[in-house]
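Let me begin by presenting the structure, written as structure tokens, before commenting on it.
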Amino acid sequence: MVQPIVRLAGLGRSFPEGGGLRSVLDGVDLSLPAGQFTALLGPSGSGKSTLLNLVSGIDRPDTGVVEVAGVALHDLSERERTLFRRDRLGFVFQFFNLIPTLTVEENLLLPFELRGGVTPRQRERARELLDRVGLVDRLNSWPDLLSGGEQQRIAVARALVHKPQLVLADEPTGNLDRDTGEVVLDLLDELLRPLGTSLLCVTHAPEVARRMDQVLIIRDRKVVRLEAGDENGMPGQSAEVASGGERG
Ligand SMILES: Nc1ncnc2c1ncn2[C@@H]1O[C@H](COP(=O)(O)OP(=O)(O)OP(=O)(O)O)[C@@H](O)[C@H]1O
Ligand SMILES: [Mg+2]
């Protein structure tokens with residue numbers, strides 16, 4: 001059997017509230033096949049970002065196990081988790097999160113700088129990716145001067161520059177119009193699929209979920225698969241969403 005890229009078992013996370021604890025995730029079991037694109041849906045406040053933070057090791061669960069690419073995150077020290085995240089994971093956020101005081105090229109090269117310096121091969125890879133996202137002529141620009149769609153294309157390039165095994169995206173099209181969102185999704189398809197890179201993508205948008213291989217939803221503090229004909233998925237969209245996974 002192929003090793004899953006993400007395995008969660010008995011995962012639980014609560015947060016302090018009003019002198020007590022409020023449980024956000026409880027008994028979450030989940031296995032994501034390597035190489036697949038997964039959408040994660042759920043109402044605001046249901047724990048989607050919390051789940052991404054647990055998968056990336058930014059946050060730690062109260063109970064249960066998180067394994068990414070076969071590595072149990074609780075076996076790693078804080079420093080090892082940071083290195084693991086830097087080397088194996090890529091991130092795309094709703095608000096792009098490019099560093100405004102670095103040029104486009106410097107933003108892309110930052111992960112390598114943090115590893116102790118940029119090699120010519122890495123610089124080449126960054127330029128290649130900027131070319132693939134159609135923005136190689138902007139490498140000396142400041143991110144703030146680019147449009148939202150352009151910034152997100154840069155952010156996609158940045159997420160992939162070190163060839164991560166898993167990309168975590170938190171509403172990557174949430175701040176873009178529909179057509180621009182499509183362009184960003186096309187890029188994720190074109191750039192991740194050939195390398196077998198996995199994607200876990202939080203979204204509210206049915207048209208985004210439809211492009212993924214499987215659709216999960218957080219319901220009653222657990223993660224369940226959204227099946228065809230599921231009435232309680234996305235109102236008026238669930239059948240369409242659930243039948244969208246025939247690619248790949
Ligand atoms: N560090 C924290 N301390 C306290 N409560 C937190 C913390 N992080 C998240 N929560 C709470 O956990 C719940 C889930 O939050 P989370 O950000 O995961 O929701 P979400 O599904 O991503 O929502 P949205 O769609 O609005 O982004 C919320 O009620 C939030 O207030
Ligand atoms: Mg969120």
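Atoms within a ligand are numbered from 1 in the order they appear, just like the ligands themselves.
- Once rounded to the nearest 0.5 Å, the distance linking OG of Ser14 with CG of Leu21 reads 5.5 Å.
- Shown here for Pro143 and Asn107, the closest heavy-atom pair between the two residues is CG-ND2, 3.5 Å.
- Defined by atom type and a distance below 3.5 Å, a donor-acceptor pair is missing between the side-chain atoms of Arg13 and Thr50.
- A salt bridge is defined here as a Lys NZ or Arg NE, NH1 or NH2 lying under 4.0 Å from an Asp or Glu carboxylate O, and Glu78 with Arg81 meets this definition.
- Side-chain N or O atoms of Lys48 include one that pairs as donor or acceptor with a backbone N or O of Pro43 at under 3.5 Å.
- Salt-bridge annotation for Asp186 and Arg153: absent, with no side-chain N of the basic residue lying under 4.0 Å from a carboxylate O of the acidic one.
- A heavy-atom cutoff of 4.0 Å around ligand 1 is satisfied by the protein residues Phe15, Arg22, Val24, Pro43, Ser44, Gly45, Ser46, Gly47, Lys48, Ser49, Thr50, Glu171, His204.
- Not one N, O or S atom of Thr50 sits under 2.8 Å from the Mg ion (ligand 2).
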